[in-house]
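See below for the structure under consideration.
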Protein chains: 2
Amino acid sequence: MSRALLSVLWQTGVMSAPRTARERARAELTGEIKAAARRQLETSGAESLSLRAISRELGMVSSALYRYFPSRDELLTALVIDAYDALGEAAESAAQKEYPHPREAWVAVYAAVRDWARANPHEYALIYGSPITGYQAPQTTVQPAARVPMVLLNILSQAHAEGWLPEVEAPEPSGRLAEQVDTIAPLAPGVPRPMLLRLVIAWTQLFGMISFELFGQLVGSMDPADDFFLETSRQMAKYVGIS
Amino acid sequence: MSRALLSVLWQTGVMSAPRTARERARAELTGEIKAAARRQLETSGAESLSLRAISRELGMVSSALYRYFPSRDELLTALVIDAYDALGEAAESAAQKEYPHPREAWVAVYAAVRDWARANPHEYALIYGSPITGYQAPQTTVQPAARVPMVLLNILSQAHAEGWLPEVEAPEPSGRLAEQVDTIAPLAPGVPRPMLLRLVIAWTQLFGMISFELFGQLVGSMDPADDFFLETSRQMAKYVGIS
DNA sequence: GGTTTGCGAGAGCAGTGCTCTCTGTTGTGA
DNA sequence: TCACAACAGAGAGCACTGCTCTCGCAAACC
């Protein structure tokens with residue numbers, strides 16, 4: 001197996017436990033670079049993330065960083081994936097607990113997503129703010145980005161299986177919209193299409209609400225947003241049929 | 001009246017029609033700078049907006065730009081305000097038309113906001129994406145930012161006045177949330193508090209949905225988003241009580 | 001043990017925001 | 001009318017950025 005392939009397999013997380021000392025050092029340094037970048041992200045923002053500052057912090061020369069990340073954008077991509085994974089992790093672990101009612105699971109996931117966003121506002125902005133200029137999010141980010149909506153889908157699907165989804169009158173999607181809803185239908189077997197559509201609506205609402213809170217759009221109306229957020233999460237649970 | 005004050009009054013739009021030739025030239029150049037900046041914004045993004053590139057385009061030296069905008073952030077602030085105003089303008093003019101039913105006004109405003117966002121994605125990202133690093137949006141942006149929600153409030157309030165708001169069962173906000181809802185209540189006289197709360201929810205949903213579409217978050221599910229957007233705008237109209 | 005591969009250092013390029021100083025012009029109050 | 005103040009642009013310069021290239025050295029492999 002070639003060195004390059006090994007490196008790819010390891011970087012993508014397919015393989016773990018680097019074998020040679022060099023690979024071990026590389027893994028460690030890659031992690032340290034990302035950690036320093038994340039630390040820098042906390043104080044400044046994404047667009048003022050400086051490779052030179054990172055290299056200074058790690059006591060190396062800036063050009064050496066390019067052995068680990070071919071460009072600033074690649075480093076940002078790595079941070080993006082890590083952020084999606086951290087957020088997905090938070091949502092999943094909130095959903096894994098036991099709840100007497102799916103509504104509470106739903107509300108808990110909402111709260112977990114918000115808490116993570118408030119604790120890591122710059123990382124949140126990195127993934128849900130404006131896309132970084134001239135940089136197309138690679139396909140690698142799609143799967144980790146889907147973790148939060150997957151958690152919501154699972155709650156809904158499980159609620160349906162347990163008979164928590166009563167009949168709610170909601171318009172049946174038609175035409176192309178029905179097709180689009182059908183592409184996600186296999187992920188939540190049994191859930192009626194109107195409720196799947198509403199789940200997408202709720203999903204966009206969730207992140208719109210968090211973005212508004214973090215980006216200061218709620219100042220003057222719903223800030224601080226704790227009560228607003230809690231009440232909204234309950235209403236949205238009902239909106240998608242959980243009651 | 002001092003020169004500096006005059007300049008402020010003019011820049012903020014309180015005064016129009018500059019009097020002296022110098023002021024006329026200044027007004028024109030300020031506009032040209034913003035126009036060039038906007039042009040540059042279209043191709044690149046906010047964070048790669050370069051004062052030097054603008055000055056090159058206008059055939060002047062970069063330091064001369066600082067006679068008009070004390071810093072890059074100030075220029076961005078001016079662009080932010082212009083963007084809010086352009087978007088507010090679009091929403092307001094959509095709402096001013098005559099509609100047989102407030103639902104259609106609501107849907108039309110949704111569409112106008114989305115159309116503007118899709119036509120000016122970088123300006124949209126400037127105001128609804130991640131905030132620019134180390135730069136706090138000044139108070140001047142608050143009022144223009146409120147134009148879109150004001151349009152929605154007006155539709156709701158007018159719908160109530162015309163008797164289009166039937167009794168819908170929705171939870172009454174309590175505690176601090178009720179207080180917060182009450183701060184916006186005078187802007188939409190007569191509208192029940194539960195519906196005001198839902199309007200805020202719909203507002204956050206609208207921009208969450210548009211951001212998701214523009215920032216590529218809907219790829220793989222609801223992209224292209226035309227049908228999804230239309231259906232959602234209808235459901236949200238109903239959600240806030242318009243039916 | 002020789003050869004390939006990976007790694008860090010250093011210099012350098014083209015670009016950035018911003019400041020300071022200088023010269024010329026425009027507007028204004030005495 | 002005329003001196004003085006305010007303003008405008010040019011140019012040099014500072015400290016910084018991402019990124020490239022070359023050069024030695026050390027680790028890994030055959």
Side-chain angles (χ1 to χ4, degrees), chain A residues 1-8 10-11 18-33 36-37 40-41 44-79 132-135, chain B residues 1-8 10-11 18-33 36-37 40-41 44-79 132-135:
Chain A
M1 196 178 288
S2 82
R3 226 98 214 88
L5 179 55
L6 261 178
S7 165
V8 165
W10 166 74
Q11 275 200 342
R19 296 186 295 200
T20 75
R22 199 174 242 173
E23 275 171 344
R24 190 181 314 267
R26 183 181 182 86
E28 218 164 279
L29 246 174
T30 310
E32 277 178 37
I33 292 171
Q40 202 180 310
L41 217 57
S44 357
E47 77 244 30
S48 66
L49 184 137
S50 153
L51 289 187
R52 293 184 115 112
I54 295 172
S55 68
R56 271 194 302 267
E57 189 177 329
L58 299 183
M60 57 199 317
V61 112
S62 76
S63 59
L65 275 186
Y66 287 82
R67 300 279 179 201
Y68 299 88
F69 295 95
S71 75
R72 200 187 91 117
D73 283 358
E74 290 289 324
L75 173 55
L76 279 174
T77 301
L79 294 178
I132 295 118
T133 308
Y135 141 90
Chain B
M1 195 177 288
S2 82
R3 225 96 215 89
L5 178 55
L6 260 178
S7 164
V8 165
W10 167 72
Q11 273 199 345
R19 295 186 295 200
T20 76
R22 199 176 241 173
E23 275 170 342
R24 191 182 312 271
R26 185 182 179 83
E28 216 164 282
L29 246 173
T30 310
E32 277 178 38
I33 292 170
Q40 202 180 310
L41 217 58
S44 358
E47 78 242 33
S48 67
L49 185 136
S50 154
L51 289 187
R52 293 184 116 110
I54 294 172
S55 68
R56 271 194 302 268
E57 190 178 328
L58 299 183
M60 57 198 318
V61 111
S62 75
S63 59
L65 275 185
Y66 287 81
R67 300 281 177 198
Y68 299 88
F69 295 94
S71 74
R72 201 187 90 117
D73 282 359
E74 290 288 325
L75 173 55
L76 279 173
T77 301
L79 294 178
I132 294 116
T133 308
Y135 140 90

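Each chain gets a letter, A, B and so on, in the order the sequences are listed, and its residues count up from 1.
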| Distance-only donor-acceptor test (3.5 Å): side chain Arg52(B), base dG15(C) | no
| message | Using a heavy-atom cut-off of 4.0 Å across all strands, would you classify Ala25(B) as base, sugar-phosphate, or nothing? | response | nothing
| note | Interatomic distance, CG@Leu29(A) vs CZ@Arg24(A), rounded to 0.5 Å, equals 14.0 Å
| request: Provide, to the nearest angstrom, the distance between the CZ atom belonging to Arg24(B) and the P atom belonging to dC7(D). | output: 18 Å
| request: Would you kindly give the CG-to-C1' distance between Leu29(B) and dT26(C), to the nearest whole Å? | output: 15 Å
| field | Contact under 4.0 Å: Ser63(A) side-chain N or O vs dA9(C) OP1/OP2 | value | no
| field | Distance, rounded to the nearest Å, where Glu47(B) contributes CD and dT17(D) contributes P | value | 16 Å
| request: Would you mind reporting whether Tyr66(A) and Leu51(A) have side-chain heavy atoms less than 4.5 Å apart? | output: yes
| task | Please state how far atom CG in Leu65(B) lies from atom C1' in dG17(C), giving the value in whole angstrom units. | result | 11 Å
| task | Figure out the OH/C1' separation between Tyr66(A) and dG12(C), and round it to whole Å. | result | 14 Å
| Is there a donor N/O on one and an acceptor N/O on the other, under 3.5 Å, for the side chain of Arg22(B) and the base of dT25(C)? | yes
| Picking from dC23(D), dC19(D), dA10(D), which would you name as closest to the side chain of Arg67(A)? | dC23(D)
| Atom-to-atom span, CE of Met60(B) to P of dT25(C) - whole angstrom | 16 Å
| note | Here the gap from Phe69(B) atom CZ to Ile33(B) atom CD1, rounded to the nearest 0.5 Å, amounts to 5.5 Å
| Distance from Leu41(A) atom CG to Ile54(A) atom CD1, nearest 0.5 Å? | 9.0 Å
| query | Rounding to a whole Å, what distance do you find between Arg56(A):CZ and dG8(C):C1'? | reply | 17 Å
| said: How many whole angstroms separate atom CZ of Phe69(A) from atom C1' of dG6(C)? | reply: 16 Å
| query | Taking N and O atoms by type only, does the side chain of Arg72(A) place a donor or acceptor under 3.5 Å from a partner on the base of dG18(D)? | reply | no
| request: Would you indicate which nucleotide in dA8(D), dA10(D), dT16(C) comes nearest to any side-chain atom of Arg26(B)? | output: dA8(D)
| query | Does a side-chain N or O from Tyr68(A) land closer than 4.0 Å to OP1 or OP2 of dG8(C), or not? | reply | yes
| Approximate separation, where rounding is to 0.5 Å, of Glu32(A) CD and Glu57(A) CD | 9.5 Å
| request: Could you say whether Leu49(B) or Val61(A) is positioned toward the 5' end of DNA chain C, judged by the nucleotide with the nearest heavy atom to each? | output: Val61(A)
| task | Classify the nucleic acid contact of Leu58(A) as base, sugar-phosphate or nothing, counting any heavy atom under 4.0 Å across all strands shown. | result | nothing
| message | Any base atoms under 4.0 Å from Ser62(B), or only sugar-phosphate, or nothing? Heavy atoms, all strands. | response | base
| said: Which nucleotide wins on minimum distance to the side chain of Ala64(B), given the candidates dG8(C), dC18(C), dG9(D)? | reply: dG9(D)
